[in-house]
2 protein chains.
Amino acid sequence: MAINFKVNVNTFLKDPVSTDLGKKILSAGIRLIDEHGLEDFNFKKLSQEIGSTESSVYRYFENKHYLFIYLVNWYWEWTSMRISLATINIDDPKVKIQKVIKTVIESTMANVDVPFIDEEILHRIVAREGSKAYHHKLVDKENQYGFFLAYKALCKKISNVFLEFNPEYKYPKSLASTLIEVCNNNIYFSKHLPRLTDVEFSKDSDVKHEHLFEMLESLIINSLTKKSKNNINHPKVKLS
Amino acid sequence: MAINFKVNVNTFLKDPVSTDLGKKILSAGIRLIDEHGLEDFNFKKLSQEIGSTESSVYRYFENKHYLFIYLVNWYWEWTSMRISLATINIDDPKVKIQKVIKTVIESTMANVDVPFIDEEILHRIVAREGSKAYHHKLVDKENQYGFFLAYKALCKKISNVFLEFNPEYKYPKSLASTLIEVCNNNIYFSKHLPRLTDVEFSKDSDVKHEHLFEMLESLIINSLTKKSKNNINHPKVKLS
DNA sequence: AATTAGTAGTAGTAATACTATCATAACCGA
DNA sequence: TCGGTTATGATAGTATTACTACTACTAATT
């Protein structure tokens, strides 16, 4: 199955999916950002890698930040689609939540092939530096361009699943963004800053994310579950 | 009361607290990073702002990333100290957790004056782009230099408070880093990407963080609270 | 008064992040 | 087959950034 997202048109000058060079820019861009990190990646390296020129690359993306936004948007759209596929025909809200968590953790989609996007590498990039897409000074301007619509839609979709489990819950969107961010952080921490997490990084892909799933599931389900009488009777404290 | 942290000596070439110029670098650095954002901030702007030269600034910090690391470390140390002060002499573990949450949300410390650090601006910078301190390709090298020891110590301190509430809880460190990151994210989202959160940004400082506190409290306390029988009997599902 | 250690300032370089212009090859309908 | 458009490539140039090397000064020490 071939899929084609409509990534926000404001992110590119010329649709990279429409040409061979454009697809090369995407696939080599992913590889090089993974290899060098976003700060050390530039269009010179990219154009050399694909045997082209800087000016040709600039015809597709205004600068590397826009290319990065494009890729992160692609990831958000792709994750959103995978959640839809994973939760379709499932009725039990708890199972639905488990499927969502599993989808956010993993980076595979059965029967789908996008030859110019390596989803596993892209997921690693997003876990490492995806938050740079919006953690900067120009966020308000880029928000007006719609650069974060895909992220918002993804959060909306997840928060709706949460509300199916508990329609009374007051913070579904915060919990949705929390799920995504905490998931990515713990994947990253487990590999690079293990003292900031309890979930272990394992190369054995069968048990790789077992702890992470358990941790996220308890975080989400417990938050959504109404407190029992035992818990709400803790003493109330005046703060400050 | 004057305080003086020992920020990791590997972050600077010459201790900025030891001279007037160094203190100017810190205070103007905070102001300019807030104003321009980290990407658009540089040592030329900084040196002009304080009426000095680039080369003088370079004598204190190897580059702007190291200055940034210094400032974020300062924030972590400062938050750690505030947590200690806020939880001292408090026995009820739940109240302790509430104090921790409140401390992480806010950026004030009574009776303490560090004239060259504007803590409110620094907190805003950390909420906006603090995670850039470790979300990059050189994280492993910088981790060896001890750049993130203060963050790890902060997480350790918070996770110990969590364990007082529930010594059985399996993911205290993950929950601690989650608290910090989710707090900062929601402060930032409420102002810039409100669709990613349910907590509202308010200029009225009395109610400013009421929702955020409530959200974080429910997230933490519910995670730490052992599930009642009702909840653990949900059907178990085989995932993929 | 001479020596020296430490710090500020000047100048310069290499790399980055673009922009502009022109050439050329493919492709496309008339 | 012609003329026009599109896609890419080649070359050059600029402004800014991120430094580095060197010089000049100051202040304490002998």
Side-chain angles (χ1 to χ4, degrees), chain A residues 9-29 32-33 35-71 116 129 132-133 136-138 141-142 145, chain B residues 9-29 32-33 35-71 116 129 132-133 136-138 141-142 145:
Chain A
V9 293
N10 293 324
T11 59
F12 54 79
L13 298 167
K14 180 185 164 83
D15 187 356
V17 177
S18 69
T19 65
D20 276 359
L21 183 63
K23 287 171 197 163
K24 275 191 201 166
I25 289 171
L26 296 181
S27 65
L32 290 182
I33 291 172
E35 190 183 325
H36 297 288
L38 195 56
E39 277 72 36
D40 222 37
F41 162 82
N42 60 47
F43 279 1
K44 190 172 191 178
K45 283 171 184 157
L46 176 58
S47 58
Q48 278 166 355
E49 175 82 11
I50 59 180
S52 182
T53 59
E54 273 184 87
S55 58
S56 295
V57 176
Y58 275 107
R59 266 183 214 108
Y60 286 84
F61 294 101
E62 259 178 77
N63 53 50
K64 71 171 171 183
H65 177 67
Y66 281 51
L67 167 57
F68 183 65
I69 294 280
Y70 181 96
L71 293 173
F116 47 95
E129 26 203 356
K132 287 175 191 166
H136 54 72
K137 191 71 184 176
L138 300 176
K141 194 192 79 184
E142 296 186 358
Y145 296 164
Chain B
V9 294
N10 293 324
T11 58
F12 54 79
L13 299 167
K14 181 186 164 79
D15 188 355
V17 176
S18 68
T19 65
D20 276 358
L21 183 63
K23 288 173 197 162
K24 275 190 201 168
I25 289 172
L26 297 181
S27 65
L32 290 183
I33 291 172
E35 190 183 325
H36 297 286
L38 195 56
E39 277 72 36
D40 221 38
F41 163 82
N42 61 43
F43 279 2
K44 188 169 193 182
K45 283 172 184 158
L46 176 58
S47 58
Q48 279 168 352
E49 175 83 10
I50 60 180
S52 181
T53 60
E54 273 185 88
S55 62
S56 296
V57 176
Y58 275 107
R59 254 177 229 110
Y60 288 85
F61 294 100
E62 260 178 78
N63 53 49
K64 72 172 172 183
H65 178 67
Y66 281 50
L67 167 57
F68 183 65
I69 295 281
Y70 181 96
L71 293 173
F116 47 95
E129 29 203 353
K132 288 175 191 167
H136 53 72
K137 191 72 185 176
L138 300 175
K141 196 193 78 183
E142 296 187 358
Y145 296 163

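Below, read A as the first sequence line, B as the second, and so on, with proteins coming before strands; counting in each chain starts at 1. What you see is a predicted model; the values in this text were computed from it and never measured.
A straight line from OH of Tyr66(A) to P of dA17(C) spans 15 Å, rounded to a whole angstrom. Note: NZ (Lys44(B)) to C1' (dT13(C)) measures 14 Å, nearest angstrom. One interatomic measurement links the two molecules: CZ of Phe41(A) to P of dT16(C), which rounds to 12 Å at whole-angstrom precision. Atom CZ of Phe43(B) and atom C1' of dT20(D) are 14 Å apart (whole Å). Rounded to whole angstrom, the span from the CD1 atom of Ile25(A) across to the P atom of dT8(D) amounts to 8 Å. Rounded to an integer number of Å, the gap from CG of Leu67(A) to P of dA17(C) is 13 Å. A straight line from CG of Asn63(B) to P of dT20(D) spans 9 Å, rounded to a whole angstrom. Counting to the nearest Å, the P atom of dA14(C) and the CG atom of Asp40(A) are 19 Å from each other.
A pairwise comparison of heavy atoms in Glu129(A) and Lys132(A) identifies OE1-NZ, 2.6 Å as the closest pair.
Nucleic acid contact class of Tyr58(A) (heavy atoms, under 4.0 Å, all strands): base.
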Exercise for the section: Start with the C-alpha distance between Lys137(A) and His36(B), add both sets of side-chain angles, then the distance that settles side chain to side chain contact (heavy atoms under 4.5 Å, CB included), and finish with yes or no. Expected result: CA-CA 7 Å; Lys137(A) 191 71 184 176; His36(B) 297 286; over 6 Å; no
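Screening residues 46-58 of chain B for salt bridge (Lys or Arg N to Asp or Glu O under 4.0 Å), with sequence neighbours left out, gives Arg31(B)-Glu49(B).
The CG atom of Leu21(B) lies 4.5 Å from the OG atom of Ser52(B); values are rounded to the nearest 0.5 Å.
Partner of Pro16(B) under the side chain to side chain contact (heavy atoms under 4.5 Å, CB included) criterion, chosen from Ile25(B), Leu26(B), Thr11(B): Leu26(B).
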Tabulate below the donor-acceptor pairs under 3.5 Å that side-chain atoms of residues 57-66 of chain B make, not counting sequence neighbours, or state none.
| residue | atom | partner | partner atom | Å |
| --- | --- | --- | --- | --- |
| Tyr60(B) | OH | Thr19(B) | OG1 | 2.6 |
| Asn63(B) | OD1 | His65(B) | N | 3.1 |
| Asn63(B) | OD1 | Tyr66(B) | N | 3.1 |
| Lys64(B) | NZ | Leu38(B) | O | 3.0 |
| Lys64(B) | NZ | Glu39(B) | O | 3.1 |
| Lys64(B) | NZ | Phe41(B) | O | 2.9 |
| His65(B) | NE2 | Glu142(B) | OE1 | 3.0 |
| His65(B) | NE2 | Glu142(B) | OE2 | 3.0 |

Practice task
Classify every nucleotide of nucleotides 6-12 of chain C by which part a protein heavy atom approaches to under 4.0 Å, writing B for the base, S for the sugar-phosphate alone and - for neither, in 5'-to-3' order.
Solution key: -SBBB--
